[in-house]
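Some notes on the structure that comes next.
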Amino acid sequence: TTLPVQIYSMLRRGITPEINAVSTLLLLATSLLLFAAHRPEQDARARKMLAQAVKLNPDDSDSWRILAKTHAYLDDYDAAAKTLITYAQRWPSRLDSEKDFIIEMIDAVEADSAVRQQLLQALYNAKWNPEPVGATGLWKELALDKIRLGQREAARSIITRITAPADLVAVRSDNRFDHLFDPNAP
């Protein structure tokens with residue numbers, strides 16, 4: 001008899017250790033086959049094809065969004081962030097629908113990297129304000145980067161968007177912001 005018929009007949013008599021063993025073996029074999037069928041070069045090929053699709057139709061926001069997620073899936077967070085920068089610049093009204101992914105990418109990109117600061121700047125320029133959490137903690141980070149670069153006016157403008165009480169207290173208690181409130185501060 002075939003394996004399915006034998007399993008069915010064993011099931012009619014109740015779940016036995018043999019059925020459990022056969023089920024485990026089938027599950028393991030199926031998992032191994034699926035794992036073997038997935039090849040990393042397919043991921044790279046998919047990313048290449050998505051990049052070509054974006055080049056062919058650069059006005060398709062969905063292609064950019066999918067490309068960013070593909071970069072992230074392949075652990076290329078800088079490429080994902082750079083793609084999100086373009087997405088934020090071209091389709092700012094669509095950012096809220098990608099709030100969780102954007103926050104995930106901000107966290108994944110190296111803290112002091114230029115691409116992180118560029119992403120924050122693009123989100124700031126797009127007037128991104130994800131509900132209900134808001135982005136004021138991100139604007140504090142961006143303002144600190146502008147201070148580090150000696151761009152006081154840009155930092156002053158950025159802190160005007162900080163609205164969360166905890167972030168406002170953090171800004172006022174952080175002496176790195178003092179010169180933005182008191183021009184005579186060091």
Side-chain angles (χ1 to χ4, degrees), residues 38-174 176-177 180:
H38 176 56
R39 296 187 307 259
E41 61 268 8
Q42 289 176 328
D43 293 338
R45 185 170 171 241
R47 179 176 17 188
K48 184 178 178 183
M49 291 174 73
L50 278 168
Q52 289 173 343
V54 165
K55 285 180 185 175
L56 290 172
N57 189 4
D59 296 327
D60 181 21
S61 64
D62 288 333
S63 294
W64 285 92
R65 179 180 52 79
I66 294 168
L67 181 60
K69 289 185 176 190
T70 302
H71 287 312
Y73 172 75
L74 297 173
D75 296 332
D76 191 351
Y77 301 119
D78 283 355
K82 289 174 184 175
T83 305
L84 278 176
I85 291 167
T86 301
Y87 190 83
Q89 292 167 339
R90 298 187 66 191
W91 300 283
S93 64
R94 293 187 171 207
L95 291 172
D96 285 340
S97 65
E98 297 301 326
K99 171 185 71 172
D100 293 337
F101 176 64
I102 292 169
I103 291 171
E104 184 181 320
M105 285 306 93
I106 292 169
D107 290 342
V109 175
E110 195 172 318
D112 292 328
S113 69
V115 71
R116 180 182 171 106
Q117 298 310 316
Q118 292 165 1
L119 177 58
L120 291 178
Q121 185 66 55
L123 294 169
Y124 175 82
N125 293 345
K127 297 178 175 51
W128 187 57
N129 190 28
E131 295 297 331
V133 295
T136 62
L138 299 174
W139 304 156
K140 178 185 172 217
E141 178 184 338
L142 183 60
L144 282 171
D145 187 57
K146 297 300 179 186
I147 290 169
R148 184 181 58 77
L149 295 172
Q151 300 171 1
R152 289 184 179 194
E153 288 308 311
R156 187 174 284 119
S157 174
I158 290 167
I159 63 170
T160 63
R161 284 216 211 137
I162 297 175
T163 57
D167 291 324
L168 287 169
V169 170
V171 166
R172 289 302 289 157
S173 62
D174 188 332
R176 295 173 291 180
F177 289 98
L180 299 180

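One is the number of the first residue; the rest follow in order along the sequence.
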Next item on the list: Decide yes or no for Leu144 and Arg148: does some side-chain heavy atom of the first lie under 4.5 Å from some side-chain heavy atom of the second?
Entry: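 In short, these two side chains do not touch, never coming nearer than 4.5 Å.
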Just how far is it from atom [atom1] of [X] to atom [atom2] of [Y], taken to the nearest 0.5 Å?
{"X": "Leu123", "Y": "Gln89", "atom1": "CG", "atom2": "CD", "result": "10.0 Å"}
{"X": "Met105", "Y": "Ile85", "atom1": "CE", "atom2": "CD1", "result": "13.0 Å"}
{"X": "Asp78", "Y": "His71", "atom1": "CG", "atom2": "NE2", "result": "10.5 Å"}
{"X": "Tyr87", "Y": "Leu67", "atom1": "OH", "atom2": "CG", "result": "12.5 Å"}
{"X": "Ile158", "Y": "Thr136", "atom1": "CD1", "atom2": "OG1", "result": "13.0 Å"}
{"X": "Trp128", "Y": "Leu119", "atom1": "CH2", "atom2": "CG", "result": "8.0 Å"}

Note to self: Taking the basic N atoms (NZ, or NE/NH1/NH2) and the acidic carboxylate oxygens, is any pair closer than 4.0 Å for Asp96 and Lys99?
What the structure shows: no
Note to self: Taking the basic N atoms (NZ, or NE/NH1/NH2) and the acidic carboxylate oxygens, is any pair closer than 4.0 Å for Arg161 and Asp167?
What the structure shows: no
Which heavy atom in [X] sits nearest to a heavy atom in [Y], and how many Å separate them?
{"X": "Pro58", "Y": "Arg90", "answer": "O-NH1, 2.7 Å"}
{"X": "Ala170", "Y": "Lys140", "answer": "CB-NZ, 4.0 Å"}
{"X": "Leu120", "Y": "Trp139", "answer": "O-CZ3, 3.6 Å"}
{"X": "Ala143", "Y": "Ala155", "answer": "O-CB, 3.6 Å"}

Next item on the list: Apply side-chain contact (heavy atoms from CB on, under 4.5 Å) to the pair Thr83 and Thr70, showing each step before the final yes or no.
Entry: CA-CA 10 Å; Thr83 305; Thr70 302; over 6 Å; no
Item checked: Within 6.0 angstrom of Arg172 CZ, more than 12 heavy atoms from elsewhere -> no
Check: Are more than 12 heavy atoms from other residues, nucleotides or ligands located less than 6.0 Å from atom CG of Asp112?
Finding: no
Margin query: Between Phe101 and Leu84, does the side-chain contact (heavy atoms from CB on, under 4.5 Å) criterion hold? Intermediate values first, please.
Written below: CA-CA 10 Å; Phe101 176 64; Leu84 278 176; 3.8 Å; yes
Check: Do the side chain of Arg116 and the main chain of Glu110 share a donor and acceptor less than 3.5 angstrom apart?
Finding: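 The answer is no, because no donor-acceptor pair under 3.5 Å joins these two groups.
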Notebook entry, point to check: Taking the side chain from Ser157 and the backbone from Glu153, do they hold a donor-acceptor pair closer than 3.5 Å?
Noted result: no
Next item on the list: Check the pair Val109, Gln117 against side-chain contact (heavy atoms from CB on, under 4.5 Å), reporting the backbone distance first and the verdict last.
Entry: CA-CA 10 Å; Val109 175; Gln117 298 310 316; over 6 Å; no
Check: In terms of the angle between their ring planes, are Trp64 and Trp91 parallel, tilted or perpendicular, with boundaries placed at 30° and 60°?
Finding: tilted
